[in-house]
Amino acid sequence: MVIGVDQRPMLEALRSKAPDIPVTVIDPGDRATVMRRAVEAAAGQAVPGDVVLMAPACASMDQFVSYADRGSQFAAASQRWVGAHGGR
């Protein structure tokens with residue numbers, strides 16, 4: 001998943017260096033739901049036994065107050081997803 005306002009450099013790098021990797025672009029428009037949408041998209045690609053890992057490639061001050069806020073939002077969205085889907 002690619003989130004954030006400045007997605008183009010990351011998308012170009014992925015296209016040129018890892019063209020076989022599936023990429024989902026998360027529209028950054030609604031900041032309040034961006035992490036939930038990213039977790040849902042990741043869950044949609046995951047299969048049982050996979051691990052979904054958030055691996056920030058750069059700062060995200062355009063969407064989150066801090067790196068801790070970003071991590072907290074990821075943890076909360078992940079916990080909500082597991083609660084709603086029972087760990088699938």
Side-chain angles (χ1 to χ4, degrees):
M1 302 321 114
V2 177
I3 65 173
V5 175
D6 298 322
Q7 297 175 349
R8 189 172 356 133
M10 181 60 65
L11 294 172
E12 289 172 358
L14 289 167
R15 280 187 205 110
S16 69
K17 304 297 182 191
D20 297 332
I21 301 284
V23 176
T24 300
V25 176
I26 305 298
D27 180 358
D30 181 7
R31 289 184 188 181
T33 66
V34 71
M35 193 59 79
R36 177 187 56 78
R37 290 180 285 127
V39 167
E40 288 174 0
Q45 291 183 10
V47 297
D50 281 356
V51 172
V52 174
L53 171 72
M54 180 180 65
C58 55
S60 57
M61 301 306 282
D62 59 318
Q63 294 182 301
F64 306 101
V65 175
S66 65
Y67 72 92
D69 176 47
R70 177 177 57 198
S72 294
Q73 287 193 38
F74 175 72
S78 299
Q79 289 169 349
R80 278 192 301 274
W81 190 92
V82 168
H85 297 89
R88 198 172 42 131

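Residue numbers start at 1 and run along the sequence shown.
Counting only heavy atoms from C-beta outward, the side chains of Pro28 and Gln7 approach each other to under 4.5 Å. Within the 4.5 Å cutoff, the side chain of Met54 has no heavy atoms near those of the Met1 side chain.
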For residues 36-43, run the donor-acceptor check on the side chains, cut-off 3.5 Å, and write out each pair with its distance to 0.1 Å, sequence neighbours left out.
| from | atom 1 | to | atom 2 | distance (Å) |
| --- | --- | --- | --- | --- |
| Arg36 | NH1 | Glu40 | OE1 | 3.2 |
| Arg36 | NH1 | Glu40 | OE2 | 3.1 |
| Arg37 | NE | Thr33 | O | 3.4 |
| Arg37 | NE | Thr33 | OG1 | 2.9 |
| Arg37 | NH1 | Asp27 | O | 2.8 |
| Arg37 | NH2 | Asp27 | O | 2.9 |
| Arg37 | NH2 | Asp30 | O | 3.1 |

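Transitive grouping of hydrophobic side chains (ILVMFWY, heavy atoms separated by less than 4.5 Å) brings Val34 and Trp81 into a common cluster. One hydrophobic cluster, built from ILVMFWY side chains closer than 4.5 Å, cannot hold both Tyr67 and Met35; they sit in different ones. Side-chain heavy atoms closer than 4.5 Å link hydrophobic residues (I, L, V, M, F, W, Y) into clusters, and following such links, even through other members, never connects Val2 to Val5.
Atoms CD1 and CZ, on Ile3 and Phe64 in that order, are 4.0 Å from each other to the nearest 0.5 Å.
Atom CG of Asp69 sits in a crowded spot, with more than 12 heavy atoms from other residues, nucleotides or ligands closer than 6.0 Å.
The main-chain N or O of Arg31 is never found under 3.5 Å from a side-chain atom of Gln63 such that the two would form a donor-acceptor pair.
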